[in-house]
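What follows is a short report on a single structure.
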Amino acid sequence: MSNVLIGAGNEALGFFLTAPKGTALPSAPGTTPGSAWTEVGSIDVNGISLKLPNGDIIKNWANNAERKINTENGAISGNIMHTNKTVFETLFGKDNVTYTAADSSHGNISSVTLSPDVSAEPAAYLFLIKDGDTLVSIGTTNGLITDIADVTFNPTQAVVWTPTIEGSWTISHDDGQVTS
């Protein structure tokens, strides 16, 4: 067994999921998320980036570090490859998305009017990773989308939505070495 982890998404359970704020994270990385969880969409080949919590160092009179006070949560960002109602609701908030079902004149229509007051409410977020038998989950029960990168519409690339989600993240690692 190698301790070198490849950070590929777990396609069998979903790459990126969301649930209402406070929803419990799965008990183990390979556990199927409960019915409250909804798959948002695929993350592109660049994967996700986890920014670790940051803080300030308090030093004594001799300039020696005495304590660290965390002043920032961790944050995850990644490129979502889908453009649909679920992605819009996740990024901009369900109350800000208008949905019209398909009829004989058009397909399903999801729309959001972007303005300074349009944002998603805090929610639970979950990213699932698989490398052979090794499974990893990174999740928060109370995350907030604090930024969405500019979106490029281009005929040679997928349109991607890149949120930054801040929260207190829990990382769980299952080495896949079960006992009999």
Pairwise distance CG(Asn73) to CG(Leu144) - rounded to 0.5 angstrom:
9.5 Å
Report yes if some heavy atom in the side chain of Asp174 is under 4.5 Å from a heavy atom in the side chain of Val136; otherwise report no.
no
Could you please spell out the steps behind the side-chain contact (heavy atoms from CB on, under 4.5 Å) verdict for Thr38 and Thr86?
CA-CA 8 Å; Thr38 300; Thr86 303; 4.0 Å; yes
How far apart are the C-alpha atoms of Asp117 and Ser115, what are their side-chain angles, what is the distance that settles it, and do they pass the side chain to side chain donor-acceptor pair (under 3.5 Å) test?
CA-CA 6 Å; Asp117 61 339; Ser115 64; 2.5 Å; yes
Heavy-atom distance under 4.5 Å between the side chains of Ile145 and Thr164, does that happen here?
no
Any side-chain donor near an acceptor of the partner, Asn154 and Thr152, under 3.5 Å:
no
For the residue pair Thr134 and Asp175, confirm or rule out a side-chain donor-acceptor distance under 3.5 Å.
no
Within the distance-only criterion (no hydrogens, no angle test), does the side chain of Asn64 pair as donor or acceptor with the backbone N or O of Asn60 below 3.5 angstrom?
no
Are Glu72 and Pro53 packed together at the side-chain level, in the sense that at least one heavy-atom pair is separated by less than 4.5 angstrom?
no
Hey, are Lys94 and Glu121 close enough for a salt bridge, meaning a charged N less than 4.0 Å from a carboxylate O?
no
Minimal non-hydrogen separation, Gly41 against His82, with atom names
CA-ND1, 3.3 Å
Check: Tyr125 main-chain N/O paired with Thr18 side-chain donor or acceptor under 3.5 Å
no
Measure the shortest side-chain to side-chain distance between Val112 and Val118 over non-hydrogen atoms and say whether it is less than 4.5 angstrom.
yes
Which value, rounded to the nearest 0.5 Å, describes the distance between Ile171 atom CD1 and Thr140 atom OG1?
11.5 Å
Derivation and outcome, side-chain contact (heavy atoms from CB on, under 4.5 Å), residues Thr83 and Val160
CA-CA 8 Å; Thr83 300; Val160 295; over 6 Å; no
Can you tell me how far apart CG (Leu25) and OG1 (Thr170) are? Round to the nearest 0.5 Å.
5.5 Å
What distance do Ile165 atom CD1 and Ile148 atom CD1 have between them, rounded to the nearest 0.5 Å?
9.5 Å
Check: Ser77 side chain, Pro163 main-chain N or O, donor-acceptor pair, under 3.5 Å
no
Report yes or no: do Val40 and Val45 belong to one cluster of Ile/Leu/Val/Met/Phe/Trp/Tyr joined by side chain heavy-atom distances under 4.5 Å?
no
Between Phe127 and Leu17, does a side-chain contact (heavy atoms from CB on, under 4.5 Å) hold up when you go through it step by step?
CA-CA 7 Å; Phe127 295 88; Leu17 300 102; over 6 Å; no
Smallest separation among heavy atoms of Pro29 and His173, with atom names:
CG-N, 4.0 Å
When hydrophobic residues are tied together by side-chain contacts of less than 4.5 Å, even through go-betweens, does Val159 share a cluster with Leu114?
yes
Could you go step by step and tell me if Thr162 and Ile80 meet the side-chain contact (heavy atoms from CB on, under 4.5 Å) rule?
CA-CA 6 Å; Thr162 309; Ile80 305 168; over 6 Å; no
Are Ile109 and Val97 co-members of a hydrophobic cluster defined by side-chain heavy atoms under 4.5 Å apart?
no
If you group Ile, Leu, Val, Met, Phe, Trp and Tyr whenever their side-chain heavy atoms sit less than 4.5 Å apart, what else falls in with Tyr99?
none
Side-chain heavy-atom pair His106, Thr100 within 4.5 angstrom cut-off
yes
Are Ile48 and Leu52 grouped together when hydrophobic residues (ILVMFWY) are joined by side-chain heavy atoms under 4.5 angstrom apart?
yes
What distance do Asn79 atom CG and Asn46 atom CG have between them, rounded to the nearest 0.5 Å?
6.0 Å
Nearest-0.5 Å distance, CD of residue Glu39 to CZ of residue Phe16:
10.0 Å
Hey, is the main chain of Gly132 close enough, under 3.5 Å, to the side chain of Lys130 for a donor-acceptor pair?
yes
Do Leu126 and Ser137 come close enough that some side-chain heavy atom pair is under 4.5 Å?
yes
Side-chain donor or acceptor of Thr23 paired with backbone N/O of Ala19 under 3.5 Å
no
Please list all pairs meeting salt bridge (charged side-chain N to carboxylate O under 4.0 Å, His left out) that have one or both residues in residues 56-68, counting only residues at least two apart or in different chains.
none
Under 3.5 Å, is there a donor-acceptor pair between the side chain of Asn108 and the main chain of Ala102?
yes
Do you reckon Val87 sits in the same ILVMFWY cluster as Phe15, going by side-chain contacts under 4.5 Å, direct or chained?
yes
Are any non-hydrogen side-chain atoms of Leu128 and Pro26 less than 4.5 angstrom apart?
no
Output all residues satisfying ring-ring contact (aromatic ring centres under 6.0 Å, His included) with Trp161, sequence neighbours left out; order by chain, then residue number.
Phe88
